[in-house]
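Okay, structure first, notes after.
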Number of protein chains: 2
Amino acid sequence: VEHEDAQRLHTLLDPLHPADIADLLEQVSDSVRAGILRLWKDGIDGDVLSELDDSIREDIIDGLDAAELAVAVRDLDSDDVVDLLEDLDEPQQEAILGALDDAERVVVEQSLSFPEESAGRLMQREVVMAPEHWNVGQAIDYLRRQEDLPEQFYHMILIDPRLRPTGYVTLGKLLGTKRATPMLEIAEDSFRTIPVDQPEKDVAYAFNQYHLISAPVVDADDRLVGVITIDDAMIVLDEEYEEDMMRLAGVGEGSLSDSVLDTTRGRLPWLAVNLATAIIASLVISMFEATIAQFVALAVLMPIVASMGGNAGTQSLTVAVRAIATKDLTTSNVWRVIRREVLVGLLNGMIFALVLGFVGYFWFGSSIIGWVLALAMVLNMVVAGLAGTVIPVALEKIGIDPALASGAFVTTVTDVVGFFAFLGLAAWMLL
Amino acid sequence: VEHEDAQRLHTLLDPLHPADIADLLEQVSDSVRAGILRLWKDGIDGDVLSELDDSIREDIIDGLDAAELAVAVRDLDSDDVVDLLEDLDEPQQEAILGALDDAERVVVEQSLSFPEESAGRLMQREVVMAPEHWNVGQAIDYLRRQEDLPEQFYHMILIDPRLRPTGYVTLGKLLGTKRATPMLEIAEDSFRTIPVDQPEKDVAYAFNQYHLISAPVVDADDRLVGVITIDDAMIVLDEEYEEDMMRLAGVGEGSLSDSVLDTTRGRLPWLAVNLATAIIASLVISMFEATIAQFVALAVLMPIVASMGGNAGTQSLTVAVRAIATKDLTTSNVWRVIRREVLVGLLNGMIFALVLGFVGYFWFGSSIIGWVLALAMVLNMVVAGLAGTVIPVALEKIGIDPALASGAFVTTVTDVVGFFAFLGLAAWMLL
């Protein structure tokens with residue numbers, strides 16, 4: 001398509017959803033992307049910008065002048081503008097803020113004044129509300145008079161004279177009820193407000209847990225300042241999951257379109273931690289050099305116990321990290337979960353001890369090596385279950401993200417115990 | 001609270017959201033749960049049942065008689081009843097179906113006839129629709145006349161005389177527009193229907209990608225058969241993530257409230273695969289027994305290279321699995337991504353080769369061991385980047401879930417290459 005055929009490009013791209021256009025721009029090579037942008041500049045509107053990865057978004061915004069930017073962001077809701085702005089550099093932020101009209105600029109600047117990753121950043125300021133004493137007819141007439149309703153709203157929020165939200169009415173109820181019915185009568189039973197400084201992680205949890213569609217955001221005086229809708233919460237949920245998954249695997253933040261250098265830099269610290277772990281394991285092994293020199297079979301078999309422990313530890317760890325994130329693992333059941341993990345480790349340890357015992361016996365013709373393998377295996381699997389649960393719970397208690405740091409600790413424990421138990425038992429039983 | 005004080009229990013539990021009650025029931029011990037159920041049976045309504053983990057839900061349903069079940073499920077929307085039913089055993093399914101009235105039972109049985117994890121299972125059958133030639137006033141009057149509107153609906157779906165959906169109108173637009181306006185005029189531009197047999201994974205992807213709130217489901221003849229709302233899609237997204245994360249860690253399906261035996265059984269296959277991997281690695285090591293017997297230092301250092309490769313491979317693998325799930329990694333950019341991962345492996349490999357070279361040199365006073373470590377490290381990190389991307393992509397191509405199987409393959413590759421490169425180079429350079 002890159003024969004400079006702008007006409008053809010229009011025909012192909014115009015019917016696509018902004019999210020698909022953004023994916024396409026992310027997946028093509030740099031030169032093709034530059035070509036598309038040259039031929040199809042007016043296609044890059046605010047919706048497409050919102051959907052792009054950070055690194056590519058910055059590139060594209062750099063290529064637009066102030067007037068083009070202004071056109072691009074004009075139609076976005078305030079929360080989308082904030083989302084667009086918060087990852088950009090100062091000068092790009094200024095350029096976009098300059099392109100907004102005064103009223104909208106003030107709103108966006110206010111939102112940016114809330115802490116990052118808080119409800120305040122997530123909410124949109126366009127709220128559809130009604131005094132609580134209205135009836136259905138008044139509410140509908142009010143909505144018909146509004147020129148500029150938000151693109152997405154699912155509730156009408158009821159407020160008292162002090163602007164405090166007191167309930168909400170779903171649009172479905174509003175439509176299905178006679179005009180004379182008071183709004184209060186059809187308000188939903190369950191009603192939750194979100195403090196403006198609540199971390200967005202907790203906001204996403206609340207949406208997921210209570211199946212919310214939208215929720216009013218209130219300031220410290222309980223006054224209504226905005227509304228968060230489920231599509232925003234879904235995006236946060238998505239990000240939180242991705243973050244947990246990437247952190248568990250030791251991958252820093254980043255996306256597929258990051259450069260080689262950025263990616264290398266992002267992964268380096270985790271590999272460095274792993275190197276330290278591996279060297280600690282090596283130190284343990286070096287304590288038994290004399291034993292290994294006598295029985296080389298030990299060197300052949302020793303990675304098995306450590307590897308099985310590492311795997312079992314990762315299993316327990318992943319379950320614990322997820323359960324902590326979904327608030328399923330709390331102080332009320334932590335002991336039962338630890339006991340369960342230890343018992344599972346014991347059972348699986350015994351099963352594989354049996355298998356490995358035979359492997360050791362038949363491979364090396366030594367029942368002692370079989371016994372050493374089996375015992376070390378049971379021990380390491382129990383320790384793996386214990387460490388895989390206790391370490392993330394303890395990290396969470398002292399305020400460190402368990403997804404971030406648990407892996408290195410658990411592997412260190414299972415490596416050290418694995419090598420030490422196997423080689424130590426061997427030294428004791430064989431010598 | 002377990003002094004049989006039913007009064008007190010009511011005061012405490014009644015104001016809680018069903019999801020919180022379900023969490024509470026999951027987290028307390030078996031005996032406390034039995035006590036709560038005895039004292040508070042009428043509190044267990046359909047909403048609470050919907051929120052419970054499978055294993056506990058089955059227990060509780062076993063404890064209810066048919067009349068109690070009937071009361072519990074009567075107020076649920078059809079999709080929630082389906083969701084409740086699909087994980088239950090035959091006799092429990094029968095019991096609940098028997099408790100429904102005839103019309104609802106037919107609807108639920110129809111839904112159950114669609115394949116598991118398809119849009120048909122996810123959708124609710126209660127659809128709010130309007131002929132496309134209506135105007136706003138007619139639609140509102142129609143809604144007012146309805147006795148039994150679904151609990152949640154966000155759009156009115158427009159249909160042609162053959163019951164095929166042709167567009168939809170958001171309730172916000174419906175409320176904000178004069179009665180005389182034709183519905184077609186305020187229908188949304190972008191409109192997507194979901195085939196009834198589409199896998200729920202793809203449904204969740206579409207909701208996430210296109211920020212949908214609800215979408216009509218159509219049968220093979222394009223006729224409207226139901227509607228899926230964003231809260232259902234959010235639950236699927238949640239499950240898909242959890243599944244990917246658990247599979248990457250080699251944990252089978254299951255929840256915190258599963259028994260020790262079930263959990264052991266779920267994790268065993270993955271540990272067995274890991275054992276096979278570890279034994280293959282041991283076989284590689286055993287090829288070099290003679291070399292190790294001469295230079296025990298090799299046994300001390302050899303786990304380092306394998307471990308770093310395993311870690312780097314897991315990093316690449318996790319990024320690839322995520323990118324495949326979000327459809328960010330496609331045939332159009334797969335070569336660029338592979339090249340990037342290999343280059344990242346090369347760069348990080350060189351950095352850690354430098355570090356490890358010095359470690360080997362100063363620890364064992366041998367520059368040859370330093371060189372062997374460094375070269376093996378670079379080689380294994382490059383292979384890790386390559387394997388970590390190619391393996392999941394290839395598995396996906398042949399129709400196997402990359403999250404499920406990649407880990408074992410990638411670790412096998414990095415272990416084999418790690419031990420072989422390090423010991424092979426050592427044998428060649430030292431002897």
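Chain naming here is simple, since letters A, B, ... match the order of the sequence lines and numbering starts at 1 in each.
With a 4.5 angstrom heavy-atom cutoff, A:Leu237 touches chain B only via side-chain atoms. Interface remark: B:Leu212 contributes no atoms to any contact with chain A (heavy atom separation under 4.5 Å). Both the backbone and the side chain of B:Tyr210 come within less than 4.5 Å of a heavy atom of chain A. With a 4.5 angstrom heavy-atom cutoff, A:Asp20 touches chain B via backbone and side-chain atoms both. For a residue to count as touching a neighbouring chain, one of its non-hydrogen atoms must lie under 4.5 Å from one of that chain's; by this rule A:Leu329 touches chain B with backbone and side chain alike. For B:Leu248, the part sitting under 4.5 Å from any heavy atom of chain A is the side chain, from C-beta outward, and nothing else. Looking at B:Asp238, both its backbone and its side chain come within 4.5 Å of chain A, counting heavy atoms on both sides. Contacts of B:Leu283 with chain A are made by both backbone and side-chain atoms, with heavy-atom separations under 4.5 Å. Residue B:Thr411: no heavy atom, backbone or side chain, is found under 4.5 Å from chain A. For chain A, no part of B:Arg265 is nearby; none of its heavy atoms comes within less than 4.5 Å. With a 4.5 Å cut-off on non-hydrogen atoms, A:Arg145 does not touch chain B at all. Residue B:Arg336 touches chain A through its side chain alone, counting heavy-atom pairs closer than 4.5 Å. There is no contact between B:Gln294 and chain A, counting heavy-atom distances below 4.5 Å. For chain A, the nearby part of B:Thr177 is the backbone; its heavy atoms alone come within less than 4.5 Å. Proximity to chain B (any heavy atom under 4.5 Å) is shown, for A:Leu24, by neither the backbone nor the side chain. At a 4.5 Å heavy-atom cutoff, B:Met156 makes no contact with chain A through either its backbone or its side chain. Both the backbone and the side chain of B:Ala272 come within less than 4.5 Å of a heavy atom in chain A. Using a 4.5 Å cut-off between heavy atoms, B:Tyr241 touches chain A through backbone and side chain atoms alike. Interface residue B:Asp244: backbone and side-chain heavy atoms are both found under 4.5 Å from chain A. Both the backbone and the side chain of A:Ala312 come within contact range of chain B, judged by heavy atoms closer than 4.5 Å. The contact between A:Val355 and chain B is made entirely by side chain atoms (from C-beta outward), counting heavy-atom distances below 4.5 Å. With a 4.5 Å cut-off on non-hydrogen atoms, A:Val337 touches chain B through its side chain but not through its backbone.
Looking at residues two or more places apart in sequence or on another chain, you find no side-chain hydrogen bond (donor to acceptor under 3.5 Å, both in side chains) involving A:Glu26.
A 6.0 Å sphere centred on CZ of B:Arg179 holds more than 12 heavy atoms belonging to other residues, nucleotides or ligands. The environment of A:Arg339 atom CZ is sparse: at most 12 non-hydrogen atoms of other residues, nucleotides or ligands sit within 6.0 angstrom.
Taking chain A as the reference chain and counting heavy-atom pairs below 4.5 Å, the highest number among B:Arg322, B:Arg267, B:Gln209 is found for B:Arg267. Here B:Ser307 is the residue among B:Gly345, B:Ser259, B:Gly310, B:Ser307 with the most heavy-atom pairs under 4.5 Å with chain A. Interface remark: of the candidates B:Leu275, B:Asp231, B:Leu298, B:Leu275 forms the most heavy-atom pairs closer than 4.5 Å to chain A. For chain A, the option among B:Ser29, B:Ser286, B:Pro150, B:Ala306 with the highest count of heavy-atom pairs below 4.5 Å is B:Ser29.
Side-chain polar atoms of B:Asp415 and B:Thr277 form no donor-acceptor pair below 3.5 angstrom. Residues B:Thr314 and B:Asn311 have side chains that never bring a donor and an acceptor to within less than 3.5 angstrom of each other. No hydrogens or angles considered: a donor-acceptor pair under 3.5 Å links the side chains of A:Thr263 and B:Arg340. A donor and an acceptor atom, one from each side chain of B:Ser214 and B:His155, are located under 3.5 Å apart.
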Please test A:Thr318 against B:Met246 for side chain to side chain contact (heavy atoms under 4.5 Å, CB included), starting from the C-alpha separation and ending with a verdict.
CA-CA 7 Å; A:Thr318 307; B:Met246 292 299 163; 4.1 Å; yes
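Among residues at least two apart or in separate chains, ring pair (Phe, Tyr, Trp, His ring centres under 6.0 Å) pairs with a member in residues 280-318 of chain B are B:Phe288-B:Phe420.
Between A:His211 and B:His17, the angle of the ring planes lies from 30° to 60°, which puts this pair in the tilted group.
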